[in-house]
Amino acid sequence: MPEYILAKHLSKHLNEEVILKGWVYNIRKSGKIWFLVFRDGTEFVQCVVLMNEVSGEVFELKTTLTQESSVMIRGIVQEAPRQENGIEILVKDIEVIHIAEEYPIALKEHGVDFLLDNRHLWLRSRQPYAIMKVRAEVEQACRDFFNERDFTLVDSPMFTPNAAEGSTTLFETQYFDRKAYLTQSGQLYSEAAIMALNRTYCFGPCFRAEKSKTRRHLTEFWMVEPEMAFFDIHDDMALAEEFVEYLVQRALKNCRRELEILERDISKLEAVKRPFPRITYDDAIAVLKRKGFDIAWGDDLGAPHEPAVSEDYDRPVMIWRWPAASKAFYMKRDPEDERYVMGVDVIAPEGHGEIIGGSQREEDIKVLLERIDREQLPVDDFQWFLDIRRYGSVPHSGFGLGLERTVGWICGTHHIRECIPWPRTMARLKP
RNA sequence: UCCGGAGUGGCUCAAUGGCAGAGCGGGUGGCUGUUAACCACUAGGUUGUAGGUUCGAAUCCUAUCUCCGGAGCCA
């Protein structure tokens with residue numbers, strides 16, 4: 001291993017001399033003292049350069065070092081109560097690795113478009129840095145959660161031969177001498193996989209060619225989708241609830257520093273404990289009517305409705321038992337009332353919207369064929385999917401959790417494009 | 001696709017019909033405890049594009065392009 005240490009480990013080296021390698025985040029100059037805010041991708045730390053502690057050459061670097069220049073710093077780790085992390089470096093020596101050209105991103109407010117054009121550099125800033133750390137933790141937590149609960153990772157293909165649900169728009173791509181589509185969900189494949197492996201999850205990018213221009217939409221986003229044999233809708237909701245609680249608690253446990261950088265109100269996250277409220281679609285309609293919304297049974301819950309329902313709770317709310325007409329063909333009908341399907345949406349608090357969509361799946365081939373027929377879906381393309389119901393069909397359920405929306409909620413970001421390293425939206429394909 | 005908003009220096013914005021400005025960033029100088037440090041000086045402009053109205057347009061009109069976020073749809 002190299003002899004330098006990572007800044008995140010500095011607190012273990014109090015009063016010792018250490019070597020750091022990284023970048024200049026900011027410089028504040030005074031006469032015979034200057035301050036260099038150093039970052040190495042693991043932590044930010046202030047370094048103090050005093051005239052009588054370093055050579056004249058090193059002291060004069062205050063005039064040549066620029067924002068984002070790369071450096072090696074040798075210095076002593078000191079306690080500094082005034083610093084956010086309680087530590088600073090008394091510099092003994094600085095070795096310049098590269099002097100950066102004039103850096104486009106100043107330490108001030110910038111427009112979103114400018115920052116996204118410079119995403120490759122913007123990632124170095126504090127907030128994107130912290131969000132990427134949280135994203136990585138949430139992603140790892142997803143894998144840990146399912147791996148610890150007897151799930152097998154079975155990833156689904158990105159290229160698909162046809163529309164899975166028909167309704168959403170798919171990206172079309174040339175696949176040798178025919179068309180293929182980019183996947184919008186791994187669910188149908190997971191339904192097949194659980195008949196082999198009982199409980200599975202897939203985790204990867206999904207693509208939606210919807211012309212959505214809102215802060216909750218990306219054309220490429222990541223979704224984690226568990227699928228479980230022998231789970232009914234209630235088992236499904238219990239798992240979703242446990243999963244969301246787990247993700248939030250993991251972030252609280254392992255991302256304290258990052259949430260601090262993001263100035264996230266921790267108490268809002270600490271409130272996210274089971275049980276989550278469960279209300280039916282009918283309940284939601286009643287609540288909305290009471291709040292004065294002009295809404296009728298059968299209407300889908302749109303943008304003003306979701307927050308109106310979730311604002312009554314300090315934790316995610318699960319809305320289940322939806323009108324069949326508004327939901328996908330594969331959802332299981334309520335045996336007690338055919339007008340309903342056993343679907344569930346989980347709405348995050350604080351206006352962050354839907355983070356999970358799930359359902360018990362229809363296991364009866366006759367019912368499934370009816371729905372495929374009524375929605376005029378190409379039945380031939382679904383023969384393999386129907387096979388699942390031909391050979392030992394069982395009740396089963398699953399859900400999909402949108403990674404960026406979840407990370408956006410945990411981090412309290414305004415727009416989910418900040419929650420993916422290289423966002424793809426309708427208007428943005430670069431960098 | 002529809003509705004709304006915005007395009008002015010590298011960046012963030014001001015100037016609402018009358019000399020295009022400020023802050024940040026860049027440059028120069030000053031300061032031994034700064035926290036997006038501060039102070040002084042300095043360089044930097046075809047006001048998205050094309051037309052029009054006017055003595056005069058960043059500003060008003062027409063067209064057009066781009067972006068933004070909201071609806072629909074959804075994770």
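Protein chains get the first letters and strands the later ones, always in sequence-line order, with residue 1 at the start of each. Below, all heavy atoms of this structure are taken into account, side chains as well, without hydrogens, waters or symmetry copies. None of these values were measured; they are calculated from a predicted model.
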Q. To the side chain of A:F114, which of B:rA75, B:rU12, B:rC68 is closest?
A. B:rU12
Q: Assign A:E404 to base, sugar-phosphate, or nothing according to its heavy-atom contacts below 4.0 angstrom with the strands shown.
A: nothing
**Q.** Residue matched to B:rG51 through Watson-Crick or wobble contacts both under 3.5 angstrom
**A.** B:rC61
Q) Hey, does the side chain of A:R428 come within less than 4.0 Å of B:rU66's phosphate (OP1/OP2), counting only N and O? A) no
Q. Is the centre of the A:F329 ring less than 6.0 Å from the centre of the A:F382 ring?
A. yes
**Q.** Letter per nucleotide, 5' to 3', of nucleotides 20-31 of chain B [B base touched, S only sugar-phosphate touched, - untouched; heavy atoms, 4.0 Å]
**A.** ---BBSS----B
Q: Once you apply the 3.5 Å cut-off to both distances, tell me the Watson-Crick or G-U wobble partner of B:rA71, or none.
A: B:rU1
Q: Please determine, for the side chain of A:T214, which listed nucleotide (B:rA71, B:rC74, B:rG33) has the closest atom?
A: B:rA71
Q.
When both hydrogen-bonding distances must be under 3.5 Å and the geometry is Watson-Crick or G-U wobble, what is B:rG9 paired with, if anything?
A. none
Q: State whether A:H415 places a side-chain N or O below 4.0 Å from either non-bridging phosphate oxygen (OP1 or OP2) of B:rG69.
A: yes
Q) Taking the six-membered ring for Trp, are the ring centroids of A:Y129 and A:F44 within less than 6.0 Å of each other? A) yes
Q) Taking only side-chain nitrogens and oxygens of A:R216, does any of them come within less than 4.0 Å of OP1 or OP2 of B:rG72? A) no
Q | N/O (side chain, A:K211) to phosphate O (OP1/OP2, B:rU1) under 4.0 Å | A | yes
(Q) Once hydrogens and angles are ignored, does a donor-acceptor distance under 3.5 Å link the base of B:rC11 to the side chain of A:H110? (A) no
Q: Take atom CG of A:D299 and atom C1' of B:rC73, then tell me their distance rounded to the nearest Å.
A: 15 Å
Q. With a 3.5 Å cut-off and just heavy-atom distances, do the side chain of A:R405 and the base of B:rC74 make a donor-acceptor pair?
A. yes
Q: Pick the C1' atom in B:rC74 and in B:rG4, then give their distance to the nearest Å.
A: 22 Å
Q: With RNA chain B as reference, determine whether A:G111 or A:Q46 sits nearer its 5' end, using the nearest nucleotide of each.
A: A:G111
Q: Report the distance from atom CE of A:M426 to atom C1' of B:rU66, rounded to the nearest whole Å.
A: 13 Å
(Q) Looking at B:rC41, which nucleotide sits across from it as a Watson-Crick or G-U wobble partner, both distances under 3.5 angstrom, or is there none? (A) B:rG27
(Q) On the side chain of A:Q83, is there an atom forming a donor-acceptor pair with the base of B:rG33 - under 3.5 Å, no angle test? (A) no
Q. Between B:rG72, B:rC67, B:rG33, which nucleotide gets closest to the side-chain atoms of A:A427?
A. B:rC67
Q.
When you measure only distances, ignoring hydrogens and angles, does the side chain of A:S212 come within 3.5 Å of the base of B:rC73 through a donor and an acceptor?
A. yes
